[in-house]
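Below, chains carry the letters A, B, ... as their sequence lines are ordered, and counting in each starts from 1. Because the structure is predicted, anything quoted here is derived from the model rather than measured.
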Amino acid sequence: MADAARTYVTTPIYYVNDVPHIGHAYTTLACDVFARFMRLDGHEVFFLTGTDEHGQKVDKAAAAAGMAPKPFTDKVSENFRALASAMDISNDDFIRTTEPRHYRACEALWRRIHDAGDLYLGDYGGWYAVRDEAFYRESETTVQPDGTRLGPTGAPVEWVKEPSWFFRLSAWQDRLLAFYAANPDFIAPESRRNEVISFVKSGLEDLSVSRTSFTWGVPVPGSDGHVMYVWLDALTNYITAAGYPDEAHPRWRFWPADLHMVGKDILRFHAVYWPAFLMSAGIAPPKRVFAHGWWTVEGQKMSKSLGNVVDPHAVIGEFGLDPFRFFLLREIPFGADGDFSRRAMIRRLNIDLANEFGNLAQRTLGFVARNLDGMLPSPDVLGGDDEALLAQAKGLLPLMRAEMRRQAFHAALESAWQVVREANSYIDRQAPWKLRKADPVRMGTVLWTLAETLRHLAILLQPVMPRSMARLLDQLGVDARDRDFAALARPLPGGHAVPTPEPLFRKVEDKEGQGA
RNA sequence: GGCGGCGUAGCUCAGCUGGUUAGAGCACGGCACUCAUAAUGCCGGGGUCGGCGGUUCAAGUCCGCCCGCCGCUACCA
């Protein structure tokens, strides 16, 4: 490859007011694993995450904290950096919507869309409750027998209009449908794609894209009193970080993004509004938007009122980072909803990681340490059983590549575990402990075959469990320069010393009475 | 209400354009092994594939109806 393939992957920008929980950790982790996989596979990767820091809520929260908005967001956006750090996230940039570069990008994008004739000034109306100082959706209001209309809090609401800029979304319906038809992989999973298409087909209204009722946002160029409303501000972050509007910026080569990872709640903004904005501005839309599912906790919906919001830091503290990362991507088909429970977490850690995988490494490398003075043997003549296992290990890269391409993280891991199980079966069949005296040369070949299989697994699982797999590669004596996917094609030579292994994963005792 | 999807072993799910005795993992039972983090391997029980009725030489796999469940049906960042 003269010109390395490039990959651009993004998380949503997280609303800075939120407290980071398992859901944020999940989205970011999925992107991280994808980014790490592509890097190891030779791609030049740009991986972006960040925080969304504008809006009335932030303004109010800052006021409540007795702070100006900017210093307030400086402080709370740290929560999300801390989460990324605790999760070993390999993002290349962290964008904040309060940065000057983002204001420049928003203004430039606004002007392009305005010049294209897709913005016009009108009135935005909504049901406003003076008592709550909030707007409500019509569906949230109820009409009393006496004819008064009340909001969800019981406060009376009135129809209030404010001047607002509108994006002519209604004009983009056909072009969006054509875009979806021409790009069948643009929205995943497929069920979500169907929903979006059906939504667009049902007819699109123009979109209110500015507000005059608050000031904490990006000012609309040439329109005093207006700040950009959420969509045009937040979504723009993806091109801001790529250097927009400087199309000569080195990072602009990464646009269009290969993958916007989002929760299913914000799919519409990414799959409908965002490509429409971009096409209006003459910018290529992203290649793919993946909407993943939600986690429940011990069978219940996660909510502040139930007090069951899972703090990722606590889980990492109890089970370790890599087991947590593994669990999140292994437990459920990516895209579907899932349940986080102690029982399930412990089962994955103890069985999949400690017993099946960790113990496979331990029994192999421990044997080498104890019986061969830590000298990893070189292979002699390979037999059919050896070659079958090695072929399965070598087949893993193309298999996992295909699964990663469609974000089937669970399937990629399952295919790796098929090799783990086969290796355990192989070691029992070959019984190197019996060969020790009977046929030491054959024993060496068996141990090498296992080590080479472990090397494949360790290299390929680095994206999911970077720390543990680095340890395993250390234990196998694999040089730091030989740990990318290209190195898979160069067999482990053997004949070198390896350290006495330490268990890769520590089991956790399953306490009774916990969880469902 | 409209549109879309789902209902397959105790649990979580695979089963592409219909084709021999319906699969995996977990859980459960038996056996083997004892190199290993009391780990692992092998074998096995168990399913009227939601119900009814069609199409077909042949249907979890297509069609119709019914029952149950879920998602979407726009301005919260």
Fill in: Whole-Å distance separating the CG atom of A/Leu267 from the P atom of B/rA74
15 Å
Response to the item:
Among the nucleotides B/rU40, B/rC33, B/rU37, whichever has the atom closest to the side chain of A/Trp433 is B/rC33
Worksheet item: Hey, is the main chain of A/Trp294 close enough, under 3.5 Å, to the side chain of A/Asp337 for a donor-acceptor pair?
Response: yes
Worksheet entry | Touch class at under 4.0 angstrom, heavy-atom based, for A/Gly366 against every strand present | nothing
Discussion item. Could you tell me how far B/rC52 sits from B/rA32 if I compare only their C1' atoms? Round to whole Å.
Written reply: 49 Å
Worksheet entry | Contact under 4.0 Å: A/Arg370 side-chain N or O vs B/rA36 OP1/OP2 | yes
Discussion item. Between B/rC63 and B/rG30, how far apart are the two C1' atoms, rounded to whole Å?
Written reply: 47 Å
Practice prompt. Mind checking A/Asp206 for me? I need base, sugar-phosphate or nothing, with any heavy atom below 4.0 Å counting as a touch.
Written response: base
Item to complete: Using Watson-Crick or G-U wobble geometry with both distances below 3.5 Å, tell me the partner of B/rU12, or none.
Response: B/rA24
Practice prompt. Assess the side chains of A/Tyr14 and A/Thr28: does a donor N or O sit below 3.5 Å from an acceptor N or O?
Written response: yes
Worksheet item: Under 6.0 Å from the CD atom of A/Glu190, do we count more than 12 heavy atoms belonging to anything else shown?
Response: no
Practice prompt. Name the pairing partner of B/rU17, where a pair is Watson-Crick or G-U wobble with both distances under 3.5 Å, or state none.
Written response: none
Item to complete: Sticking with atom P, work out how far B/rC6 lies from B/rC16, rounded to a whole angstrom.
Response: 11 Å
Worksheet entry | Separation of atom CG in A/Asn359 from atom P in B/rC33, rounded to whole Å | 19 Å
Response to the item:
Among the nucleotides B/rG71, B/rU37, B/rU40, whichever has the atom closest to the side chain of A/Phe505 is B/rU37
Fill in: Given B/rC76, B/rC72, B/rC26, the nucleotide with the shortest approach to the side chain of A/Arg268
B/rC72
Worksheet item: Taking OP1 and OP2 of B/rC42, is either one under 4.0 Å from a side-chain nitrogen or oxygen of A/Ser425?
Response: yes
Worksheet item: For the pair made of CZ in A/Phe367 and P in B/rU40, what is the distance, rounded to whole Å?
Response: 19 Å
Response to the item:
From the candidates B/rU34, B/rU37, B/rU40, the one with an atom nearest any side-chain atom of A/Gln362 is B/rU37
Discussion item. Does A/Pro432 reach a base, just sugar-phosphate, or nothing at all? Heavy atoms under 4.0 Å.
Written reply: nothing
Fill in: Gap between atoms CG and P, on A/Asn371 and B/rU34 respectively (whole Å)
15 Å
Item to complete: Calculate the interatomic distance between A/Arg406 atom CZ and B/rA14 atom P; express it in whole Å.
Response: 11 Å
Item to complete: Please tell me which of the listed nucleotides, B/rC35, B/rU73, B/rC76, lies nearest to the side chain of A/Lys57?
Response: B/rC76
Worksheet item: For B/rA39, does OP1 or OP2 lie under 4.0 Å from any side-chain N or O of A/Lys507?
Response: yes
Worksheet item: Closest to the A/Phe199 side chain: B/rA27, B/rU34, B/rU73?
Response: B/rU73
Item to complete: Nearest whole angstrom, please: distance from the P of B/rC76 to the OH of A/Tyr273.
Response: 9 Å
Item to complete: Determine the Euclidean distance between corresponding C1' atoms of B/rC43 and B/rC3; express it in Å to zero decimal places.
Response: 49 Å
Worksheet item: Looking only at N and O atoms, is any donor in the side chain of A/Asn355 or the base of B/rA39 less than 3.5 Å from an acceptor on the other one?
Response: no
Discussion item. Using Watson-Crick or G-U wobble geometry with both distances under 3.5 Å, which nucleotide pairs with B/rC69?
Written reply: B/rG5
Discussion item. Does B/rG60 count as syn, meaning its glycosidic angle lies within 90° of 0, or as anti?
Written reply: syn
Practice prompt. Check the side chains of A/Asp380 and A/Thr445 for a donor-acceptor pair under 3.5 angstrom, ignoring hydrogens and angles.
Written response: no
Worksheet, complete the sentence: In Watson-Crick or G-U wobble terms, with both distances under 3.5 Å, the base opposite B/rC49 is none
Worksheet, complete the sentence: Regarding the side chain of A/Arg192, the nearest nucleotide among B/rU73, B/rC72, B/rU40 is B/rC72
Discussion item. Give me the distance, rounded to whole Å, that separates B/rA27 from B/rG1 when you measure between the P atoms they each carry.
Written reply: 43 Å
Worksheet item: Mapping A/Glu205 and A/Asn194 onto RNA chain B by nearest heavy atom, which one lands closer to the 5' end?
Response: A/Asn194
Worksheet item: When you compare B/rU12 with B/rU8, how far apart are their P atoms, in angstrom units rounded to a whole number?
Response: 9 Å
Discussion item. Heavy-atom count check: over 12 atoms from other residues, nucleotides or ligands less than 6.0 Å from A/Arg506 CZ?
Written reply: no
Worksheet item: Counting side-chain heavy atoms from C-beta on, which of B/rG41, B/rA74, B/rC26 comes nearest to A/Arg347?
Response: B/rC26
Worksheet entry | Pairwise C1' distance, B/rC28 and B/rC67 [rounded to whole Å] | 32 Å
Fill in: Sugar-phosphate, base or nothing in reach of A/Gly203, heavy atoms under 4.0 Å
base
Worksheet item: Looking only at heavy atoms, what is the nearest atom pair of A/Phe167 and A/Leu119, with distance?
Response: CA-CD2, 3.9 Å
Worksheet item: For A/Trp172, is the NZ or CZ atom of A/Arg175 found under 6.0 angstrom from the centre of its six-membered ring and inside 45 degrees of the ring axis?
Response: yes
Worksheet item: With rounding to whole Å, what would you report as the distance between B/rU17 and B/rU34 at their P atoms?
Response: 49 Å
Worksheet item: Which part of the nucleic acid, if any, lies within contact of A/Ile351, taking any heavy atom under 4.0 Å across all strands shown: a base, the sugar-phosphate backbone alone, or nothing?
Response: sugar-phosphate
Discussion item. Can you measure A/Ile266 atom CD1 to B/rC72 atom P for me and round it to whole angstrom units?
Written reply: 14 Å
Worksheet entry | Position toward the 5' end of RNA chain B (nearest nucleotide), A/Glu195 or A/Glu502 | A/Glu502
Practice prompt. Just name whichever nucleotide pairs with B/rU34, Watson-Crick or G-U, keeping both distances under 3.5 Å, else none.
Written response: none
Item to complete: Under a 3.5 Å limit for both distances, which nucleotide forms a Watson-Crick or G-U wobble pair with B/rG60, could you say?
Response: none
Worksheet item: With a 3.5 Å cut-off and no angle check, do the side chains of A/Thr98 and A/Glu53 form a donor-acceptor pair?
Response: yes
Worksheet item: Atom CG of A/Leu169 and atom C1' of B/rA74: how far apart are they, to the nearest Å?
Response: 9 Å
Worksheet item: In a check of ring pair (Phe, Tyr, Trp, His ring centres under 6.0 Å) between A/Phe327 and each of A/Phe319, A/Phe340, A/Tyr26, which one passes?
Response: A/Phe340
